[in-house]
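What follows is one structure encoded as structure tokens, with my remarks underneath.
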Amino acid sequence: MASNGITSHDLLGYGITDSSEIIYNPDYALLFQEETAPSLEGFERGTVTQSGAVAVDTGIFTGRSPKDKYIVRDDLTRDTLWWSDQGKGNNDNHPLSQETWSELKRLVAHQLSGKRLFVVDAFCGANPDSRLKVRFITEVAWQAHFVKNMFITPSDGELAGFTPDFVVMNGSKCTNPRWQEHGLNSENFVAFNLTEGVQLIGGTWYGGEMKKGLFSVMNYLLPLKGIASMHCSANVGNDDDVAVFFGLSGTGKTTLSTDPHRRLIGDDEHGWDDDGVFNFEGGCYAKTIRLSEAAEPEIFKAIRRDALLENVVVRADGSVDYDDGSKTENTRVSYPIHHIDNIVKPVSKAGHASRVIFLTADAFGVLPPVACLSVEQAQYHFLSGFTAKLAGTERGVTTPLPTFSACFGAAFLSLHPTQYAQVLAKRMNSAGARAYLVNTGWNGSGKRISLKDTRAIINAILSGEIDDAPAVTLPIFNLQIPTGLSGVDSQILDPRLTYPSAAQWQEKAQDLAKRFINNFDKYTDTPAGQALVQAGPVR
Ligand SMILES: Nc1ncnc2c1ncn2[C@@H]1O[C@H](COP(=O)(O)OP(=O)(O)O)[C@@H](O)[C@H]1O
Ligand SMILES: C=C(OP(=O)(O)O)C(=O)O
Ligand SMILES: [Mn+2]
């Protein structure tokens, strides 16, 4: 192949033999042809929709499968990783032995051998000094399209001499028949070997495993270098004021960071180093369930040729029924970031953040739609990560499930949560950043807080209006809540007013406070953790 390509010889090192053809870094035109080829069958075959975007079904897996996630426990990771079987917190970092890893790798390599393969080389991380050079190997065209959308495309110059730091071998068509003997959760697997720099995928076709998989890898590497690694979206205003929006899936990172008046840095994964905030990705991955052009015009318009829709229902005329969640609530679209008009160019990065927003979707309806946090409260709520798992993103979750997800992204943390909290605190402190808790979930009315109200709240945070607004203290949680903000229904700012009686709020609040206190217990075995207890709710 040409100098900017690779040969089957280059794949031998991964155990992949006899490749019949390698399609290296396909462009969008070729991907379109490949993923809509009439010869394709089943989940491999895409459908062209009216907007020009191709729609695919991701198969049995329409969300991540955290129970099938494994990391090889070896000399590198033994004492550095936050393991599922150690300490007090529970997480998805299940240990894997070197022997089982080798078997899984043989399985995937066998699956990918003798095939026509797509190989995509891309960056994860916008900064040359902390980015990963990643190679994705897959036999499914739309999976190559997904990673082209989501990761950063190197220039031709950068591709010359591209030696991957990390390789993703996607064997989604194969499963592990010996999973029981291996002591694993199922025949499906998403496995990482940080020493080798390899991710293996078997059984699941869901593209999000590759995107969030690399995020877990960045989450391992960056904090150890003093760089914050954050499950957040980010944008920047006309005064170069940077805001980051932390939040678990479905809490509004993508929706709220896509703001026509602010340049988008990225919608999901960022680092914060000595120069400022930078994106890990080159694209966005928006939820499309009940998407409307009126409520989210920028995202709606981003769905066009080169965007890739997942698990939506396409009508006979090629239009998409965004209201139909029959395949999953987790319908999605990935698109390159330049499908949004107002973005930071050419590199998705900006200065230090001055506003740090924690998005939570409170399914209990207790938390206020916004509160201003003290430095200690910010640490407390970041470690607690109270929110809800919304339907669809994880296998088996079908209704909002209240959860404490440390750092608003426990599923992706590779190190202990306190390590992320320490790095974030240091960055926030040097930048003089202020923190806010924003509930995009429910209140006493039983309905979700409206997007219109949340957007007005975000505007009041970003303009600074909220810092001077009259405020009261919400008892039990000791949160400072504003009593009036432009464009926000003042009846919703105090959650007590959304209940038939304040006593009803009080009862639910006491129950939630207990959960907070119990959850925080796992951080109280250090003096620093002990000191934070008073920043949380009291019984
Ligand atoms: N008050 C609200 N704030 C933010 N999003 C809301 C709100 N009410 C409903 N939504 C919907 O919730 C979803 C938020 O999803 P998204 O922004 O993709 O989350 P994330 O990027 O954090 O996974 C969108 O479908 C959005 O339309
Ligand atoms: C893609 C995911 O999350 P988010 O909605 O935060 O992008 C995920 O959790 O798999
Ligand atoms: Mn998102």
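Start at 1 and go down the list; that is how both ligands and their atoms are numbered.
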Q. So how many protein N, O or S atoms does the Mn ion (ligand 3) have within less than 2.8 Å?
A. 1
Q) Can an N or O of Tyr285 be found at a distance shorter than 3.5 Å from an N or O of ligand 2? A) no
Q | Any N/O pair Lys211/ligand 2 closer than 3.5 Å | A | no
Q: From the options Leu390, Thr255, Ile299, select the one whose nearest heavy atom is closest to atom 17 (O) of ligand 1.
A: Thr255
Q. Is the shortest N/O to N/O distance between Lys287 and ligand 2 below 3.5 Å?
A. no
Q. Counting from 1, what ligand 1 atoms have a heavy atom of Ser450 closer than 4.0 Å?
A. 1 (N)
Q) Is the ring centre of Phe151 less than 6.0 Å from the ring centre of Phe136? A) yes
Q. Within the structure, does Gly247 bring an N/O atom to less than 3.5 angstrom of an N/O atom in ligand 1?
A. no
Q) Which distance, rounded to the nearest 0.5 Å, do you find between the OH of Tyr420 and the OG of Ser414? A) 5.0 Å
Q.
Tell me every residue that passes salt bridge (Lys or Arg N to Asp or Glu O under 4.0 Å) with Glu310, counting only those two or more places apart in sequence or in another chain.
A. none
Q: Could you tell me whether ligand 2 has any atom less than 4.0 Å away from a heavy atom of Ser249?
A: yes
Q) Which bit of Thr251 is near ligand 1, meaning a heavy atom under 4.0 Å away: side chain, backbone, both or neither? A) both
(Q) Given Lys287, His231, Glu296, identify the one with the heavy atom nearest to atom 18 (O) of ligand 1. (A) Lys287
Q: Pick whichever of Met150, Arg332, Arg64 has a heavy atom sitting closest to atom 8 (C) of ligand 2.
A: Arg64
(Q) Residue-level breakdown please: for Ala295 versus ligand 1, do any non-hydrogen atoms fall below 4.0 Å on the side chain, on the backbone, on both, or on neither? (A) neither
